[in-house]
Amino acid sequence: MRQSTLHQLKVFETVARLTSITRAAEELSLTQPTVSMQIKQLTQNIGVPLFEQIGKKLYLTASGQELFLTCQDIFDRLSRFEMKIADFQGLKQGKLKLVAITTTKYFMPRALAPFCQLYPGVDIALEITNHEGVLERLSNNLDDLYIISKIPERLDVALHPFLENPLVVVAPKNHPLAGEKNIPISKLQDEAFIMRERGSGTRAAVEQLFAEHDVSVKVRLELGGNEAIKQAIGVGFGISVLSQHTVTAEAAMSGLVILDVQHFPIERQWYIVYPADKQLSIVASTFFDFLQQESQAIADKMREQIN
Ligand code: PGA
């Protein structure tokens, strides 16, 4: 048996599966005499008949059946091995295209650093945009993975929540409500408000909460980014609602505080998402798993560094 070659086993497996030398020869692009010769040599090596011919039909003997199962096992393992090798190659020199909402701007570089250390050959492109921008790229299948705070309603996606994204009311530290506890949401009615641009998920969540509680704020300024909003709060344009992840120590130093308003924080999540029918590359699925496993630890470390 040990003198038999992998090629002979492949020929045998094909004949056994198709129960025909003619069809096996076709599938393997060999001549019929070559296939018959390989089976003959294999039978001699093993020392017992593998097939019996009754009329024109070919049947496996009990030993042939046993060898057939063994071959299936061998070829299955070999193809899994080949897949693993391809995967390792992919992780050595793969590419990863990510797009994420603006609130992840501080978190994502911190998540990517340890991933890059683990897989130094992987090239990463990260695009940061607002909710609508992410949705548009997702519906055009432009990237490997998408990070978003609201599950898209009209697209069929695979997703996993990986970290909370609470939205809080941010004000300058000399604001009259700073330090007050349990401020009724209706009090925001009188406040000058800085709103994110249309298409922002933060804006949509804020507008929904205000609508639910019949609060209409005076929008004094509309700005297209969390950083610009923090600057505007700092110089006294008004208050706003931002992801807590964007209110870093540096923001606190520049004179911003979180107000304790009823119904806040707006509880949201970050989700890692991709189109349900997309076959993820090995790099993308490795990052998908990495983010789910490591995100909490990365966020905790980030907070420690900030405080
Ligand atoms: P965005 O971020 O406001 O930039 O769209 C989305 C979110 O965090 O919900």
Side-chain angles (χ1 to χ4, degrees), residues 97-112 125-140 142-143 145-155 157 159-171 185 188 193-213 215 217 219-233 237-248 250-251 256 258-259 261 263-275 288 291-292 295-296 298-299 302-303 306:
K97 274 184 87 185
L98 301 169
V99 59
I101 43 174
T102 66
T103 49
T104 64
K105 181 173 154 186
Y106 306 90
F107 171 83
M108 283 306 281
R110 286 181 161 88
L112 289 172
L126 168 66
E127 168 102 14
I128 302 269
T129 180
N130 70 14
H131 179 79
E132 258 184 36
V134 177
L135 276 192
E136 200 179 314
R137 294 186 70 98
L138 173 64
S139 56
N140 290 315
L142 293 182
D143 305 87
L145 294 168
Y146 305 79
I147 293 162
I148 207 161
S149 251
K150 189 164 179 286
I151 303 168
E153 279 154 20
R154 271 176 270 134
L155 298 169
V157 290
L159 60 95
H160 205 286
F162 68 96
L163 212 59
E164 299 96 61
N165 176 31
L167 303 184
V168 293
V169 183
V170 183
I185 192 168
L188 299 187
F193 200 84
I194 306 162
M195 189 64 104
R196 280 284 305 276
E197 78 287 1
R198 261 171 220 294
S200 147
T202 308
R203 173 178 176 143
V206 172
E207 285 180 337
Q208 189 184 336
L209 183 78
F210 285 170
E212 276 164 23
H213 296 278
V215 172
V217 287
V219 177
R220 187 158 172 217
L221 190 61
E222 201 175 291
L223 281 178
N226 303 306
E227 280 310 309
I229 290 187
K230 285 191 287 184
Q231 296 293 331
I233 300 171
F237 265 103
I239 64 168
S240 190
V241 173
L242 294 170
S243 162
Q244 197 165 351
H245 289 284
T246 69
V247 190
T248 57
E250 150 263 317
L256 306 187
I258 294 175
L259 298 186
V261 181
H263 309 293
F264 283 91
I266 304 175
E267 303 289 357
R268 306 181 85 219
Q269 294 269 321
W270 283 335
Y271 298 92
I272 184 161
V273 165
Y274 59 90
F288 187 86
L291 205 55
Q292 284 173 58
S295 56
Q296 193 59 55
I298 295 165
M302 196 170 144
R303 269 190 288 272
I306 284 168

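Just so it is clear, the structure is predicted and the values come from calculations on it, not from any experiment. When a residue number appears, it is its place in the shown sequence, counting from 1. Read the numbers this way: they start at 1 and go in the same order the structure lists the ligands and their atoms.
Inter-residue side-chain proximity for Leu159 and Ile272 is flagged as unmet; no heavy-atom pair is nearer than 4.5 Å. Taking the side chain as every heavy atom from C-beta outward, Glu132 and Glu136 never approach each other to under 4.5 Å.
Remark: side-chain polar atoms of Ser149 are paired, donor with acceptor, to backbone N or O of Gln269 under 3.5 angstrom.
Taking the six-membered ring where the residue is Trp, Phe288 and His160 present perpendicular rings, their angle passing 60° and hence far from 30°.
Between Phe193 and Phe210, the distance separating the two ring centers is shorter than 6.0 angstrom.
Glu267 is linked by a side chain to side chain donor-acceptor pair (under 3.5 Å) to nothing, counting only residues two or more places apart in sequence or in another chain.
The immediate protein surroundings of ligand 1, defined as residues with any heavy atom under 4.0 Å of it, consist of Ile101, Thr102, Thr103, Asn130, His131, Ser149, Asn165, Arg196, Ser200, Gly201, Thr202, Arg268.
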